[in-house]
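Before any comments, here is the structure.
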Amino acid sequence: MATASQAPIGAPRLRALLLSGIGVPAGLLAMLAMIVVPLPPLALDVLFTFNIALSLLIVIAVFSIRKPLDFAIFPSVLLIATMFRLALNVASTRVVLINGHTGAGAAGHVIESFGQFVIGGDYAVGIIVFVILTIINFVVVTKGAGRISEVSARFTLDAMPGKQMAIDADLNAGLVTQDEARARRAEVRAEADFYGSMDGASKFVRGDATAGILILLINMLGGLAIGTLAHALSFADAARVYALLTIGDGLVAQIPALLLSTAVAVIVTRMSRDQDMGGEVAARLFGDPRLLAVAAAVIGALGLIPGMPNVAFLGMAALCGGGAWWVRQRQLREAAKPAAAAAPAAVAPESKELSWDDVRPVDLVGLEVGYRLVPLVDKAQGGELLARIRGVRRKLSQDLGFLVAAVHIRDNLELAPNAYRINLSGVPVGESVIYPDRELAINPGRVFGTLQGVETRDPAFGMEAVWIETGLREHAQALGYTVVDATTVVATHLSHVVQLHAHELLGHEEVQQLLNAVAKAAPKLVEDLVPKTLPLAAVVKVLQGLLAERIPIRNLRAILETIAEHAARTQDPQVLNAHVRVALSRQIVQDIAGMAGEIPVITLEPELEQLLTHSVATGSANPGLEPGLAERLQQRLAESARLQEAAGQPAVLLVAPTLRATLSRFLRAGVPSLHVLAWNEIPDNRRVRLVATVGR
């Protein structure tokens with residue numbers, strides 16, 4: 001016998017079992033039992049009522065979610081609801097055919113009510129109503145939803161590569177963190193899975209509509225046969241009784257089916273972005289007084305025509321006109337509030353003498369924008385550029401190894417309205433034109449169609465691109481384009497410019513801050529190096545040289561230890577830079593070639609390499625080549641680098657240590673993608689593979 005302390009344990013255990021995943025399989029088994037085990041009329045009433053309530057809940061849930069992925073389990077819910085309704089059809093069919101001769105209440109009060117009240121007890125009317133509902137469900141709603149599901153699934157799968165590339169671009173530009181990028185990739189996969197599942201789930205709804213028609217015909221013919229042959233009813237009585245029961249049964253099942261079909265159509269026609277559907281509908285249809293005013297004028301004109309239902313039309317026109325007036329008055333009140341709040345008394349500034357405070361220092365990193373781009377910067381207007389730039393600074397500071405200077409943003413009326421300019425130390429280093437109300441579709445090299453829009457080039461990397469309307473985003477991604485918004489374009493361009501000019505942003509103050517940080521862990525190293533062995537300016541030159549060749553200075557302790565080891569013999573920043581590069585060889589090669597054990601390299605022909613070595617040995621400031629040969633060398637190396645990039649491999653020029661620094665400076669502007677390495681910078685655990693040799 002259970003004690004009092006044991007009594008309340010059952011409910012929590014039952015709830016735990018349901019939440020653990022047993023409840024759904026148990027429900028499916030109960031559906032199968034409904035097909036096999038005869039149900040009494042009372043049970044049918046309860047289950048039919050529950051079916052209608054479940055369909056209503058699903059429709060309400062579809063309208064209340066903000067984006068389709070919030071209801072990612074919808075395809076499974078749709079399958080379960082469809083199976084439940086079909087099981088009810090089978091159970092009610094059994095009861096109708098077995099007990100239908102007893103009267104209209106043989107299958108429960110729900111079916112009887114739909115047969116008597118909804119269709120007025122006339123089975124001819126019932127058949128017509130059922131056929132109309134079936135046509136609406138099968139031909140209009142289900143067919144359209146199925147087509148949209150199919151197209152959405154195909155476009156979503158086609159757009160996956162473009163979306164993944166956009167996420168990678170945001171991650172590389174520092175606009176998102178690793179965790180945010182991982183979450184966005186998971187969302188892209190979930191979106192593809194959802195629309196793929198919806199494509200299949202829409203077939204369930206279409207099949208359910210077909211099954212409803214067949215079940216109606218089977219029940220009608222079967223009821224006539226059983227009523228006349230087994231129960232000796234006249235043909236008229238059998239037709240009346242079984243037709244009403246069959247029509248009532250069909251309507252009870254068809255109405256929830258129509259609700260579910262509508263839910264499917266609504267969820268597949270919604271946009272994938274976050275959206276309040278109720279608010280959007282209200283804002284678009286009833287939020288513009290001009291729309292209501294036009295509707296009132298048209299309906300009012302129709303109401304003045306003789307013979308028309310004047311009262312109804314004129315009443316609706318008055319209602320629309322009143323709504324337009326009320327919406328307009330509300331807009332005026334809302335517009336007046338911020339204007340009144342932002343109208344402080346104008347105070348004439350006091351004239352004062354000029355001082356040194358009026359001389360503004362030059363911004364290390366500056367961004368100037370045209371007046372149409374100001375909303376991108378203004379938080380009050382929903383601008384996200386400031387947050388994106390903070391993300392870029394954070395990412396660059398982590399990658400480069402020092403704190404990147406803050407970006408000062410100003411508006412410049414001298415610029416074109418949609419133009420922006422990036423300045424370093426007051427000197428423009430990059431500018432472009434963007435369209436805030438459009439998005440940039442970038443051609444990554446392989447696309448499957450063309451887009452209508454403003455043709456341009458990506459300002460950061462010079463890739464072909466098109467400014468497209470926002471509504472074409474999904475289509476562009478399906479064609480293989482990488483689509484980004486205007487804010488991302490500016491942030492990516494800024495990130496690229498800062499990376500190229502990182503050595504110009506590292507000064508004495510930044511290096512001193514880095515030395516102070518290292519001194520906390522290795523005080524003796526910093527104390528013996530600066531200023532005892534080497535002046536601070538020499539350390540700055542070495543670090544700037546590394547950044548100029550795209551080598552991060554994150555491993556500052558190893559860099560300082562290498563400088564301290566060789567500073568007693570030389571204080572030449574170029575010589576110290578070469579020693580540091582050898583010490584950082586693993587990091588350098590890792591950044592270029594990743595984890596590959598074999599590095600594809602380009603070399604120079606021995607005759608050309610000897611000529612260059614002799615020129616450097618004579619103390620020339622450049623490789624010492626006549627202009628024609630220098631141009632040919634640069635062109636051939638650029639072509640070899642392009643071939644390597646097209647093959648998906650890094651472009652590396654391997655030369656003698658005495659030539660590396662000179663050739664790196666010579667090729668930095670002409671072939672920026674080519675990495676120049678010395679033989680002694682290849683780690684012992686890496687092999688080299690010769691892919692090309694460049695000669696005179």
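Note that the numbering runs from 1 along the sequence shown for the chain. All figures in this text were calculated on a predicted structure; none of them were measured in a lab.
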- Y371 and L413: which non-hydrogen atoms are nearest, and at how many Å? CB-CD2, 4.3 Å
- Task: Taking all non-hydrogen atoms of both residues into account, name the closest pair between L403 and S397 and its distance.
- Result: CA-OG, 3.8 Å
- Give the minimum heavy-atom separation between A72 and P75, together with the two atoms involved. O-CD, 3.4 Å
- Check whether any side-chain N or O of S55 sits under 3.5 Å from a backbone N or O of N51 as a donor-acceptor pair, and report yes or no. yes
- Query: Side chains of Y481 and H475: do they bring a donor and an acceptor to under 3.5 Å?
  - Reply: no
- Got a sec: does the CD of Q381 have more than 12 other heavy atoms crowding it under 6.0 Å? yes
- Pairing of E368 and R410 as salt bridge, 4.0 angstrom limit: no
- Message: Is it the case that the side chains of R438 and T470 hold a donor-acceptor pair, with the cut-off being a distance below 3.5 Å and no angle test?
- Response: no
- Step by step, work out the salt bridge (Lys or Arg N to Asp or Glu O under 4.0 Å) result for R388 and D485. CA-CA 12 Å; R388 295 290 182 91; D485 57 19; 3.7 Å; yes
- Is L304 atom CG crowded by more than 12 heavy atoms from other residues, nucleotides or ligands, each under 6.0 Å away? yes
- Item | Residue pair L386, I409: steps toward the side chain to side chain contact (heavy atoms under 4.5 Å, CB included) verdict | CA-CA 9 Å; L386 289 176; I409 305 176; 3.4 Å; yes
- Which atoms form the tightest heavy-atom contact between A486 and P436, and what is the distance? CB-CA, 3.9 Å
- Task: Can you measure from OG1 (T487) to CG (L385) and round to the nearest 0.5 angstrom?
- Result: 5.5 Å
- Message: So for atom CD, which belongs to E455, do other residues, nucleotides or ligands contribute more than 12 heavy atoms lying within a distance under 6.0 Å?
- Response: no
- Item | For L260 against R85, the heavy-atom pair lying closest together | CD1-NH1, 3.2 Å
